[in-house]
Enquirer: 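What follows is a structure written as structure tokens; I'll ask about it next.
Chain A is the first sequence line, chain B the second, and so forth, proteins listed ahead of strands; every chain is numbered from 1.
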Number of protein chains: 2
Amino acid sequence: MEVNRSDTATRILEVSELLFVEHGFEATSLRMITQQAEVNLAAVNYHFGSKDALFESVFMRRFTPLISACLAELDALEAKGAGDSIERVVMTFIRPCLALSRDPARGGALFVRLLSRALVENHRLLREALSREYSEFVERYTQAFRRALPELGEQDLSWRMHFAFGLMFNAFAGNDVLKIFRKSPVVTARDPEAIVQHLVPFVLAGLTMPASD
Amino acid sequence: MEVNRSDTATRILEVSELLFVEHGFEATSLRMITQQAEVNLAAVNYHFGSKDALFESVFMRRFTPLISACLAELDALEAKGAGDSIERVVMTFIRPCLALSRDPARGGALFVRLLSRALVENHRLLREALSREYSEFVERYTQAFRRALPELGEQDLSWRMHFAFGLMFNAFAGNDVLKIFRKSPVVTARDPEAIVQHLVPFVLAGLTMPASD
DNA sequence: GTAAGTTTCAAACGGTTGTTCGAACAATAA
DNA sequence: TTATTGTTCGAACAACCGTTTGAAACTTAC
């Protein structure tokens with residue numbers, strides 16, 4: 001039956017998202033997942049086929065809409081002829097991330113951490129899928145950045161995009177490298193709006209400084 | 001005998017460093033390590049006690065000297081009265097990282113990736129050890145940044161340090177989030193000097209922009 | 001009602017995990 | 001030399017892994 005199927009499957013998806021973020025893919029066993037989701041052990045293989053396929057489902061469920069939202073914002077910006085404002089281009093990426101972080105079910109916020117983890121872990125299950133299906137994302141943003149920062153050479157442009165996206169991904173993922181060294185985090189507030197309020201000027205300062213080459 | 005012991009133990013350490021970076025802690029089995037290091041399976045438990053303890057040894061072997069080197073540079077800078085130059089303060093962190101990245105045995109460069117992985121994975125084996133023994137690191141740099149950027153409020157200062165260190169850690173770890181989306185990396189050169197050349201101005205731009213609060 | 005199709009369930013599969021053990025070996029010291 | 005200590009080795013341990021299976025339970029359609 002459709003309702004039950006969906007019920008079990010999405011319960012698995014949600015618990016998996018939580019556990020994958022908390023312990024990582026390898027350290028999360030199907031038994032941990034199915035116990036916490038209160039479903040039978042065999043349910044994962046029945047509904048998703050394998051643990052690997054489950055991970056892809058968990059990931060893509062959030063990732064595809066996020067990428068689409070960013071590109072849609074970029075489309076809209078360029079349509080109204082405001083594509084040469086670097087701040088606005090940056091915001092087309094920030095806003096969908098912000099929306100995810102605000103997800104009332106908290107699943108979205110979790111996912112940003114999963115995304116960041118998957119990227120630095122260079123996950124074997126995602127390497128092909130990402131470069132195959134989402135190279136458009138990078139191409140589009142490279143174009144957009146080039147247009148909004150016309151005074152930069154290709155070298156400068158590459159480096160600054162590299163730093164800017166790394167910074168933004170990590171900021172939303174809440175990867176506070178300093179927090180880990182001491183008991184109380186440097187920044188107590190995890191409020192996504194507060195992040196953006198400080199993150200955007202920082203990123204823009206780096207992006208708009210005078211060209212080096 | 002001392003030579004043999006060290007030989008086996010350090011061979012384990014070096015292979016582990018490589019495999020932990022490549023596959024992660026959980027996905028690296030003792031059998032993979034001992035096979036590649038050409039030592040007996042039981043050698044790990046004999047020399048290190050457990051897989052967990054091995055990880056701590058692998059990590060601390062590089063981490064402790066790195067932190068010490070940074071603090072020594074900071075000491076030297078303040079001793080010669082140049083502590084109010086934010087660029088020089090930043091460089092006291094950059095230079096030891098750079099030295100690690102240039103390690104001819106390549107172990108150092110690998111470690112920076114391991115460090116970054118461990119930080120975003122928030123490794124259970126490191127959480128306590130780091131905040132227990134290395135809070136001095138954060139304290140010292142917070143002081144140094146506060147002195148070099150006196151016009152900033154505490155809020156601004158926290159955020160900017162948060163962004164700056166996240167950026168620097170990721171840059172040295174070579175976590176190119178854009179690279180993953182397409183076949184050829186945005187930045188082909190992995191040359192540490194080239195990284196620094198572009199990284200430092202970017203970080204300084206964010207750190208020195210006008211205060212927001 | 002019966003039949004067909006879908007989903008759940010307990011149990012087991014073969015394989016791998018980290019760890020332990022005691023014997024074998026090597027090296028040092030008396 | 002013998003005794004002692006530190007190290008290596010193969011074999012085994014119990015526990016856990018992802019996956020499969022076939023029967024039970026349930027839902028839907030006729």
Enquirer: Just how far, in rounded Å, is C1' of C:dT17 from NE2 of B:His23?
Expert: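 Computing the B:His23:NE2 to C:dT17:C1' distance gives 16 Å.
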Enquirer: Please determine if a side-chain N or O atom of B:Thr8 lies less than 4.0 Å away from the OP1 or OP2 oxygen of D:dT8.
Expert: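 Indeed, a polar side-chain atom of B:Thr8 lies that close.
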Enquirer: Which donor-acceptor pairs under 3.5 Å do side chains of residues 63-74 of chain B form with protein atoms, sequence neighbours excluded?
Expert:
from: B:Thr64; atom 1: OG1; to: B:Met60; atom 2: O; distance (Å): 3.2
from: B:Thr64; atom 1: OG1; to: B:Tyr134; atom 2: OH; distance (Å): 2.9
from: B:Ser68; atom 1: OG; to: B:Thr64; atom 2: O; distance (Å): 3.0
from: B:Glu73; atom 1: OE1; to: B:Arg95; atom 2: NE; distance (Å): 3.1
from: B:Glu73; atom 1: OE1; to: B:Arg95; atom 2: NH2; distance (Å): 3.0
from: B:Glu73; atom 1: OE2; to: B:Arg95; atom 2: NE; distance (Å): 3.4

Enquirer: How long is the line joining CG of B:Asn45 and P of C:dT19, in whole Å?
Expert: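 Rounding to the nearest Å, CG of B:Asn45 and P of C:dT19 are 5 Å apart.
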Enquirer: Rounded to whole Å, please give me the gap between CG in A:Asp52 and P in D:dG18.
Expert: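 Atom-to-atom, A:Asp52 to D:dG18, this comes out as 10 Å.
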Enquirer: Can you spot which of A:Phe145, A:Phe172, A:Phe169 makes a ring-ring contact (aromatic ring centres under 6.0 Å, His included) with A:Phe93?
Expert: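 Among A:Phe145, A:Phe172, A:Phe169, the one that satisfies the ring-ring contact (aromatic ring centres under 6.0 Å, His included) with A:Phe93 is A:Phe169.
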Enquirer: Got a sec, which pairs hit salt bridge (Lys or Arg N to Asp or Glu O under 4.0 Å) with one end in residues 162-172 of chain A, sequence neighbours left out?
Expert: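 Pairs touching residues 162-172 of chain A that pass the test: none.
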Enquirer: Whole angstroms only, please: what is the NZ-P distance between A:Lys51 and C:dT16?
Expert: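 Rounding to the nearest Å, NZ of A:Lys51 and P of C:dT16 are 16 Å apart.
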Enquirer: I need the CZ-P distance between A:Phe48 and D:dT20, as an integer number of Å.
Expert: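 Rounded to whole Å, this separation is 16 Å.
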Enquirer: Apply side-chain contact (heavy atoms from CB on, under 4.5 Å) to A:Val203 and A:Ile94, showing your working.
Expert: CA-CA 11 Å; A:Val203 170; A:Ile94 294 270; over 6 Å; no
Enquirer: Begin from the C-alpha positions of A:Phe20 and A:Phe59 and carry the test ring pair (Phe, Tyr, Trp, His ring centres under 6.0 Å) through to its verdict.
Expert: CA-CA 10 Å; A:Phe20 284 156; A:Phe59 192 87; over 10 Å; no
Enquirer: Please determine whether a side-chain nitrogen or oxygen atom of A:His47 lies at a distance below 4.0 Å from atom OP1 or OP2 of C:dT6.
Expert: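 A:His47 to C:dT6 OP1/OP2: no side-chain N or O under 4.0 Å.
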Enquirer: If I take atom CG in residue A:Leu54 and atom C1' in nucleotide D:dT19, what distance separates them, rounded to the nearest angstrom?
Expert: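 One finds 14 Å between C1' of D:dT19 and CG of A:Leu54, rounded.
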Enquirer: What's the OH-P distance between B:Tyr46 and C:dG22, to the nearest Å?
Expert: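 Taking atom P of C:dG22 as the reference, OH of B:Tyr46 is at 16 Å.
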Enquirer: Check the pair B:Phe202, A:Trp159 against side-chain contact (heavy atoms from CB on, under 4.5 Å), reporting the backbone distance first and the verdict last.
Expert: CA-CA 9 Å; B:Phe202 195 101; A:Trp159 282 106; over 6 Å; no
Enquirer: Specify the residues of residues 27-44 of chain B, ordered by number, for which at least one heavy atom lies under 4.0 angstrom from an atom of DNA chain D.
Expert: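 Listed by number, they are B:Arg31, B:Asn40, B:Ala42.
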